[in-house]
Each structure stands twice: as C-alpha cells, then as structure tokens.
Number of protein chains: 2
Amino acid sequence: MKYKEAKDKFISTWGSLGSLWGINKAMAQIQALLFIATKPLSMEDIMDELKISRGNTSMNLRQLMDWGIVTKEIIPGERREYFTTEKDVQELARIVAKERSRREIKPVIKILKDVSSIEDDGTKNTKELIKQTKALHELTDTIDLMINKAVNQKQNWLTKSLLKLFK
Amino acid sequence: MKYKEAKDKFISTWGSLGSLWGINKAMAQIQALLFIATKPLSMEDIMDELKISRGNTSMNLRQLMDWGIVTKEIIPGERREYFTTEKDVQELARIVAKERSRREIKPVIKILKDVSSIEDDGTKNTKELIKQTKALHELTDTIDLMINKAVNQKQNWLTKSLLKLFK
DNA sequence: TTAAATTTTCAAAAAATATTGAAAGTTTAT
DNA sequence: ATAAACTTTCAATATTTTTTGAAAATTTAA
C-alpha cells in the first residue's frame with residue numbers, strides 16, 4: 001500500500017467511524033485530513049482533497065471548532081484562513097469524551113432523575129418504572145462521573161487509568 | 001408527573017439516546033419498553049404501545065436478540081411469542097460494550113494497523129501519516145483492551161472499576 | 001393433512017440527515 | 001470608500017436510513 005491509498009483508506013475509515021464518537025461523516029473526514037496533514041490547511045485545500053462543497057466545509061469546520069477539536073490558524077500575510085487539529089490523540093480523546101458527556105449524557109441524566117422521582121402510587125407498573133429508571137440513573141451517573149474524573153487528569157490520563165484499573 | 005407521562009418520557013428519551021450506544025430509535029424504544037414492563041410482551045403488545053408496524057417490530061426484535069439484549073420467552077399454552085429484556089443495568093452495559101467492541105472497534109483497529117504499517121518512503125507526509133495512525137492505533141487498542149477487561153469481570157464491574165480509579 | 005394464527009421478508013414510501021451552490025455577509029488592502 | 005478575496009448562510013436537492021404493509025413463510029392445533 002502506497003501513501004495515497006493509505007491516506008484515502010484512513011480518511012474514509014475515520015469518516016465512517018464518526019458515528020462512534022458522535023459526529024457526522026464530513027466532520028470526521030475533515031478532522032482526519034487535518035490530523036495527518038503536515039501543515040495547516042485552507043478551506044480550499046480541504047474542499048479539493050475531500051471533494052466536498054464550500055458550504056459543507058464551512059459548516060463542518062465550524063462544528064469542529066465548537067467541539068474544540070480544530071483551531072483557526074492565522075498565517076501572517078495570508079488572506080485566507082487556515083486550520084489545524086489537535087494532534088495529540090489522548091488530548092483528542094479527552095475533548096471528545098468531555099463534549100459527549102456535556103451534550104448527550106448530562107441531559108439524559110436529568111430526565112432519568114425526573115422520571116425516577118415520580119410519586120409511587122403503589123401499582124406494580126409504577127414501582128417497576130421507578131426501580132428501573134433509578135437503576136439506570138445511577139449507572140449513567142456513575143459512568144459520567146468516571147468519564148469526567150478520568151478526563152480531568154490532563155496528562156496521560158489513559159495510561160494512568162489503565163494502570164489503576166489493572167493492578 | 002403521572003405514570004403514563006413518565007413512561008412515555010422515558011421511552012422517548014431512551015429512544016433518542018440509542019445513537020449513543022449505537023442502535024436505532026425503534027430498537028432502543030422496544031428495549032426501553034421491555035425494560036420497564038412487569039411481564040413479557042408479545043409483538044402485538046409492542047406494536048400497540050409504540051405505534052410501530054409489525055415489520056418494524058419484528059426486525060428490531062431480531063436485532064435486539066442478535067445483540068443478546070432481548071430473549072424470546074416461550075409461554076406454555078400460548079401461541080404467540082413473548083419477549084423480555086435483560087433487567088440488570090450493569091449486565092446490559094456489559095453486553096453493549098462488548099458488542100460495540102466486536103462490531104465497530106475491532107475492525108477499525110485492523111485498518112489502523114494496516115495503514116500505519118505502510119513502507120516509509122522518507123517523505124514528510126508519509127512519516128506523518130505513519131506516526132499519527134500509529135498513535136491512533138495504540139489509543140484505540142488501549143481503549144478496546146480497557147473495555148474488554150472491565151467488561152469481563154462479571155460481577156459489579158463498574159463499582160470495582162470506579163473504586164480502583166479513584167483510590 | 002388443512003387452515004388458522006403468527007412471524008418474517010423485502011420492495012416501496014416516508015422521514016431524517018447531509019450536501020450543494022449561489023446570494024448575502026465580512027474582511028482587508030488600497 | 002471601494003472592490004476584490006474570502007466566508008457564511010440557508011433554501012433546495014440528494015442521499016441515507018427507517019418504516020410500512022402486504023405477500024410469503026412458518027408454526028401449531030385439530
């Protein structure tokens with residue numbers, strides 16, 4: 001496998017994996033492209049490489065910036081804007097975990113809390129609903145706590161967590 | 001909030017959360033319904049409660065069974081089939097984690113390994129591609145290892161993991 | 001067997017999601 | 001201030017994913 005083929009394979013694989021970390025295909029592909037680039041890329045560069053429209057590129061770059069994964073690079077003397085992504089994989093994983101907690105897990109925890117707090121009218125069905133949503137609430141809360149704890153120890157969090165987990 | 005409202009809220013929330021654990025809306029809703037049911041439900045029951053078609057119900061039940069989350073219950077003397085879901089949240093989390101590892105993470109690890117193993121032709125771009133995909137490969141491998149390790153200690157894995165992580 | 005009850009399959013339709021491209025908006029150099 | 005360079009927005013379009021429903025298949029009772 002030569003460079004070009006390997007590069008395309010990586011970008012498309014990473015793109016289709018987007019769903020695993022909760023972002024869409026184009027977003028994941030842009031990130032993948034920046035991740036293996038040796039210098040900041042302009043919107044033009046990205047459009048050309050991925051064969052996607054200007055609008056699409058603009059919108060997805062914006063989202064990547066909202067996530068905190070991609071940063072605008074101002075190159076002195078250059079008119080157009082350039083972009084780079086976080087290159088450290090562990091830092092990347094931290095950001096993604098933190099954002100998904102904030103965007104997706106936290107809101108669900110709130111609803112599980114509400115649902116599991118309804119008044120017990122004594123019926124079997126209500127009892128079961130309360131019991132099961134309470135269990136789910138506790139689990140989700142615990143997982144979220146784990147993620148945030150792990151994710152907040154900046155340096156080498158994964159290695160540290162692993163060590164603890166396996167010793 | 002009364003039972004009916006709480007139940008509907010739970011089912012729709014859990015449904016839209018499906019994407020977080022990698023299954024579709026109907027699948028997640030069926031699982032949610034079974035999760036708070038006080039007895040096994042038939043296909044008819046599920047269709048009626050969720051207002052979805054027979055075909056949809058059949059297909060998604062099958063998928064849930066493939067995942068190992070739902071089981072067919074044979075009730076003696078009854079013609080139709082009844083279904084139940086795993087009621088223990090930790091066991092549920094274990095199954096989901098294990099399946100996602102097998103279905104989604106493992107195949108990506110293979111590709112990352114292939115891409116990061118291309119021959120170094122000495123160019124800057126190739127060097128960067130190799131370096132970055134290698135880092136990603138290591139990270140993904142580590143995370144997958146963690147998941148599988150955690151997931152294989154059956155009893156109370158989450159509690160155990162948490163304790164280790166925070167002490 | 002046969003036929004009624006039930007489930008599965010799958011092509012077509014609907015719904016949800018992503019993408020385009022051109023007009024409107026911004027920024028910067030002069 | 002003007003206009004060229006560039007970016008953003010968003011309605012229309014295309015693509016992907018999900019859902020439907022009716023025909024085919026299967027199972028069971030008699």
Side-chain angles (χ1 to χ4, degrees), chain A residues 11-34 40-67 69-84 103-104, chain B residues 11-34 40-67 70-84 100 103-104:
Chain A
I11 290 173
S12 82
T13 304
W14 205 239
S16 58
L17 196 65
S19 65
L20 193 64
W21 45 297
I23 67 177
N24 76 28
K25 199 181 101 186
M27 223 174 131
Q29 289 191 341
I30 293 173
Q31 200 276 328
L33 179 63
L34 292 172
L41 302 183
S42 67
M43 227 167 76
E44 214 75 29
D45 293 336
I46 296 168
M47 289 166 57
D48 289 355
E49 286 267 13
L50 302 180
K51 307 268 180 281
I52 58 176
S53 73
R54 188 175 297 283
N56 200 0
T57 309
S58 168
M59 280 170 131
N60 285 109
L61 274 172
R62 143 102 83 137
Q63 284 205 76
L64 283 164
M65 288 188 283
D66 287 348
W67 273 71
I69 291 171
V70 161
T71 14
K72 210 176 264 185
E73 199 79 4
I74 303 297
I75 297 192
E78 284 274 15
R79 184 80 170 255
R80 51 181 67 168
E81 298 172 326
Y82 285 79
F83 302 89
T84 48
R103 291 164 193 250
E104 297 172 89
Chain B
I11 290 173
S12 82
T13 305
W14 205 240
S16 58
L17 196 66
S19 65
L20 193 64
W21 44 298
I23 67 177
N24 77 27
K25 199 181 101 187
M27 221 174 132
Q29 289 191 342
I30 293 172
Q31 199 277 327
L33 179 63
L34 292 172
L41 302 182
S42 68
M43 227 167 77
E44 214 76 28
D45 294 336
I46 297 169
M47 288 167 57
D48 289 355
E49 285 269 12
L50 302 180
K51 308 267 179 281
I52 58 177
S53 73
R54 187 174 296 283
N56 201 0
T57 308
S58 169
M59 280 170 130
N60 284 110
L61 273 172
R62 143 102 82 138
Q63 284 205 75
L64 283 164
M65 288 188 284
D66 287 348
W67 273 72
V70 161
T71 13
K72 209 176 266 184
E73 200 81 3
I74 302 297
I75 298 191
E78 283 273 13
R79 183 81 170 254
R80 51 180 68 168
E81 298 172 325
Y82 285 79
F83 301 89
T84 49
R100 294 204 82 183
R103 290 163 192 250
E104 298 172 88

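Here is how names work: the chains are called A, B, and so on, in the same order as the sequence lines, proteins then strands, and each is numbered from 1. This structure is a prediction, so every number in the text was calculated from the model and none was measured.
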Residue list, salt bridge (charged side-chain N to carboxylate O under 4.0 Å, His left out) with Glu81(A), at least two apart or on another chain: Lys72(A)
Non-neighbouring partners of Met43(B) that pass side chain to side chain contact (heavy atoms under 4.5 Å, CB included), sequence neighbours left out: Arg54(B), Thr57(B), Ser58(B), Leu61(B)
Comparing Tyr82(A) and Ala26(B) on DNA chain D - which has the more 5′ nearest nucleotide: Tyr82(A)
Whole angstrom value for the distance that separates P of dA23(D) from CZ of Arg54(B): 14 Å
Between dT19(C) (P) and Lys51(A) (NZ): distance, integer Å: 16 Å
Nucleotide dT7(C), atom P - distance to CE of Met65(B) in whole Å: 10 Å
Whole angstrom value for the distance that separates P of dC6(D) from CE of Met43(A): 11 Å
Qualifying residues under salt bridge (charged side-chain N to carboxylate O under 4.0 Å, His left out), relative to Glu78(B), sequence neighbours excluded: none
Enumerate all atom pairs, one protein N or O and one N or O from nucleotides 10-14 of chain C, separated by less than 3.5 Å.
none

Strand contacts (DNA chain D) in residues 74-81 of chain A, 4.0 angstrom heavy-atom criterion: Arg79(A), Arg80(A), Glu81(A)
Whole-Å gap separating P (dT7(D)) and CD1 (Ile30(A)): 13 Å
Pairing residues for Arg103(B) by the salt bridge (charged side-chain N to carboxylate O under 4.0 Å, His left out) criterion, not counting sequence neighbours: Glu99(B)
Rounded distance (nearest 0.5 Å) linking atom CG of Leu34(A) with atom OH of Tyr82(A): 13.0 Å
Which nucleotide in dG21(C), dG21(D), dT8(C) has an atom nearest any side-chain atom of Ser53(A): dG21(C)
Sugar-phosphate only, base, or nothing, as touched by Arg62(B) at under 4.0 Å among non-hydrogen atoms: sugar-phosphate
Candidate list Ile52(A), Ile23(A), Leu41(A), test side chain to side chain contact (heavy atoms under 4.5 Å, CB included), partner Ile30(A), passing option: Ile52(A)
Between CG on residue Asn56(B) and CE on residue Met59(B), distance to nearest 0.5 Å: 8.0 Å
Atom pair distance, as rounded to whole Å: CG in Leu50(A) and P in dT19(C): 11 Å
Nearest atoms (heavy-atom pairs only) where Ala28(B) meets Gly18(B): CB-CA, 4.0 Å
Leu50(A) vs Ile11(A) side-chain heavy atoms within contact, under 4.5 Å: yes
Atom-to-atom span, CG of Leu61(A) to C1' of dT9(D) - whole angstrom: 15 Å
Residue list, side chain to side chain donor-acceptor pair (under 3.5 Å) with Asp45(B), at least two apart or on another chain: Ser42(B)
Inter- and intrachain pairs under side chain to side chain donor-acceptor pair (under 3.5 Å), touching residues 23-32 of chain A, at least two apart: Trp14(A)-Gln31(A), Asn24(A)-Asn60(A), Gln31(A)-Thr85(A)
What's touching nucleotides 14-16 of chain D from the protein side, N or O pairs under 3.5 Å?
none

Closest nucleotide among dT20(D), dT20(C), dT7(C) to the Ile52(B) side chain: dT20(D)
Atom-pair distance (CE on Met27(A); P on dA18(C)), nearest Å: 11 Å
Residues which pass side chain to side chain contact (heavy atoms under 4.5 Å, CB included) with Arg100(B), listed by chain and number, not counting sequence neighbours: Leu20(A), Trp67(B), Val96(B), Glu104(B)
